[in-house]
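Taking it in order: structure first as structure tokens, then the write-up.
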Amino acid sequence: MQFDIRSFLESGRKPFEAHFEADFSKADFGGYSVSTPAVCDFTATLTEDGAELLLCVRAHIDAECARCLEPLTRDYDFTREYFVRDRDLEDSDFELPCNENGCLDLEELAYQELIFEVPAVLLCSADCQGLCPICGKKKAAGCSCQPADNAAPADARLSILKQLLS
Ligand SMILES: [Zn+2]
Ligand SMILES: [Zn+2]
């Protein structure tokens, strides 16, 4: 969905409101996916100095724990505020996804904000112990592997370092 900020700044006497769903099922988020459409609300209000924009995004994400690889889901619900003046549209550093005609791409904006909102590393729980490096099973499930500390260091340089430290 496109929002024409330039026209709105010129003649937006009435607030603008839009409710839309953004399909991110094919979008690239790196470590997670958004298979159901994100539900977004966007409003724009004109003030004396410019336009106040408000974007609310509700999204459900699917990912896997960065330590134990268990599937996990998270729900996000957040709001971002922006303030846009006429001169921002001419500024090459303007950070909102706006084309040369002054139209804001609302789906793209929601996509960018979702990337900012979701942490790069997701864990099933803050104290997830991850996988056993020997057998590959979840440590929390318990395994009979011996801790690696007692094994001989694989790297000779490490063993020299150990001798120096002791
Ligand atoms: Zn985990
Ligand atoms: Zn193990």
Side-chain angles (χ1 to χ4, degrees), residues 1-3 5 16-45 52-84 88 92-99 103-166:
M1 177 177 273
Q2 300 273 321
F3 172 65
I5 300 188
F16 173 87
E17 286 182 25
H19 176 84
F20 62 97
E21 291 193 348
D23 178 8
F24 294 136
S25 59
K26 300 201 170 49
D28 180 16
F29 288 97
Y32 57 94
S33 60
V34 184
S35 47
T36 51
V39 178
C40 308
D41 283 287
F42 176 79
T43 60
T45 313
E52 278 175 6
L53 312 181
L54 212 62
L55 177 70
C56 172
V57 179
R58 284 180 293 279
H60 178 82
I61 72 156
D62 294 300
E64 56 184 28
C65 173
R67 288 187 197 148
C68 72
L69 310 180
E70 277 293 300
L72 60 85
T73 62
R74 291 277 190 282
D75 287 299
Y76 291 89
D77 184 341
F78 59 90
T79 301
R80 292 281 188 275
E81 289 177 50
Y82 317 90
F83 193 78
V84 182
D88 293 328
S92 58
D93 291 332
F94 186 47
E95 73 270 26
L96 301 184
C98 213
N99 68 15
C103 284
L104 183 64
D105 184 336
L106 297 181
E107 269 102 1
E108 178 63 23
L109 184 61
Y111 171 70
Q112 290 180 2
E113 295 296 4
L114 195 53
I115 287 177
F116 274 121
E117 182 71 15
V118 179
V121 174
L122 291 157
L123 299 176
C124 62
S125 67
D127 58 355
C128 173
Q129 295 171 12
L131 301 175
C132 168
I134 300 167
C135 70
K137 289 184 187 149
K138 277 183 79 170
K139 278 188 184 168
C143 66
S144 51
C145 301
Q146 295 297 316
D149 287 357
N150 296 337
D155 190 322
R157 285 167 300 180
L158 270 182
S159 78
I160 293 168
L161 195 64
K162 271 197 168 173
Q163 286 171 16
L164 290 173
L165 288 172
S166 59

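Note that these values count all heavy atoms, side chains included, but never hydrogens, waters or copies made by symmetry. Just follow the structure's listing: the first ligand is 1, and inside any ligand the first atom is 1. Residue indices begin at 1 and follow the sequence shown.
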Taking the Zn ion (ligand 2) as the vertex, how big is the angle to SG in Cys143 and SG in Cys145, rounded to 10°?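 Centred on the Zn ion (ligand 2), the SG/SG angle is 110° (to 10°).
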Between Cys132 atom SG and Cys135 atom SG, the angle centred on the Zn ion (ligand 2) rounds (to 10°) to 110°
Go through Gln2 and Asn99 one step at a time and tell me if the side-chain contact (heavy atoms from CB on, under 4.5 Å) criterion holds. CA-CA 10 Å; Gln2 300 273 321; Asn99 68 15; 4.1 Å; yes
Can you find a heavy atom in the side chain of Tyr111 that is under 4.5 Å from one in the side chain of Asp105? no
Determine the minimum heavy-atom distance between Ala22 and Glu107, stating which atoms define it. CB-CG, 3.7 Å
Parallel, tilted or perpendicular for Phe24 and Phe29, by the 30°/60° rule?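 If you compare the ring of Phe24 with that of Phe29, the planes turn out perpendicular.
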Cys65 SG and Cys68 SG subtending at the Zn ion (ligand 1) (10° steps): 110°
To 10 degrees, how wide is the angle SG (Cys128) to the Zn ion (ligand 1) to SG (Cys124)? 110°
